[in-house]
Novice: 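Questions regarding the structure given below will be posed in turn.
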Amino acid sequence: MNVIFIDNALQELYETGKTKDSRYKKLCRNKSFVEDYIGVIDLMVSVDKVDELRTYSFLHYEKLKHRPESSVRIDNGRVERLLFTEHEDGIEVRLIEIDSTHYGNKR
């Protein structure tokens, strides 16, 4: 599937494993998280249709109810999730949401 990055910082994080963007600077220090992020993007590229993401239960793929976006969890033990919009020709990756209230604060 075609993956387009709307946020240049996310593309930089995917391609180099680092970014200078202040929103993701703290996350970049966690090498395990960066590897999981790159793995999720690679998985999104490898599928033919977005609905195939449902077969990977660890992603917790869902279409958001009150937003025109979908999300997947980046790491199963963490609350950060990747938000993206679906199109016929691919996926537009928007941002990493760092919101501990969505799944409940488990820490």
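Values in this document were obtained by computation on a predicted structure and should not be read as measured data.
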Novice: Mind listing the closest non-hydrogen atom pair of S46 and L43 along with its distance?
Specialist: OG-O, 2.8 Å
Novice: Is it true that Y56 and M44 fall in one hydrophobic cluster, defined by side-chain heavy atoms closer than 4.5 Å?
Specialist: yes
Novice: Do R73 and F58 have side chains that get closer than 4.5 Å, going by heavy atoms?
Specialist: no
Novice: Would you please indicate if the ring centroids of F5 and Y14 are separated by under 6.0 Å?
Specialist: yes
Novice: Could you tell me the separation between the CD1 atom of I41 and the CD atom of Q11, rounded to the nearest 0.5 Å?
Specialist: 10.0 Å
Novice: Ion pair present between R94 and E92, side-chain N to carboxylate O less than 4.0 angstrom?
Specialist: yes
Novice: In this structure, which one of V47, T85, V50, V45 forms a side-chain contact (heavy atoms from CB on, under 4.5 Å) with I91?
Specialist: V50
Novice: Looking at every heavy atom in both R23 and A9, which two are closest together, and how far apart are they?
Specialist: NH2-CB, 4.2 Å
Novice: Could you report the tightest heavy-atom contact between I74 and V40, atom names first, then the distance?
Specialist: O-CG2, 3.8 Å
Novice: Mind checking the CG-CD1 spacing from L13 to I38? Nearest 0.5 Å is all I need.
Specialist: 6.5 Å
Novice: Are the side chains of L83 and R67 in contact, using a 4.5 Å heavy-atom criterion?
Specialist: yes
Novice: I'd like to know if the side chain of N30 and the backbone of F33 have a donor-acceptor N/O pair within less than 3.5 Å.
Specialist: yes
Novice: Would you name the heavy atoms of L64 and S71 that are closest together and state the gap between them?
Specialist: CD2-OG, 3.9 Å
Novice: Please step through side-chain contact (heavy atoms from CB on, under 4.5 Å) for the pair D7 and V93, ending with a clear verdict.
Specialist: CA-CA 7 Å; D7 188 346; V93 176; over 6 Å; no
Novice: Taking all atoms of both residues into account, what is the closest heavy-atom pair of L10 and Y37, and its distance?
Specialist: O-OH, 2.9 Å
Novice: As an exercise, state the distance from CG of D36 to CG of L27, rounded to the nearest 0.5 Å.
Specialist: 11.5 Å
Novice: Kindly compute the distance separating CD (E35) from CG (D75), expressed to the nearest 0.5 Å.
Specialist: 10.5 Å
Novice: Please report the shortest heavy-atom distance between T19 and C28, naming the atom on each side.
Specialist: CG2-SG, 3.3 Å
Novice: With S70, which of K63, R81, E86 fulfils side chain to side chain donor-acceptor pair (under 3.5 Å)?
Specialist: E86
Novice: Once you round to the nearest 0.5 Å, how far does NZ of K18 lie from NZ of K25?
Specialist: 12.0 Å
Novice: I'd like to know whether V72 forms a side-chain contact (heavy atoms from CB on, under 4.5 Å) with H60, so could you lay out the CA-CA distance, the side-chain angles of the two residues, the decisive distance to 0.1 Å, and finally the verdict.
Specialist: CA-CA 6 Å; V72 292; H60 296 275; over 6 Å; no
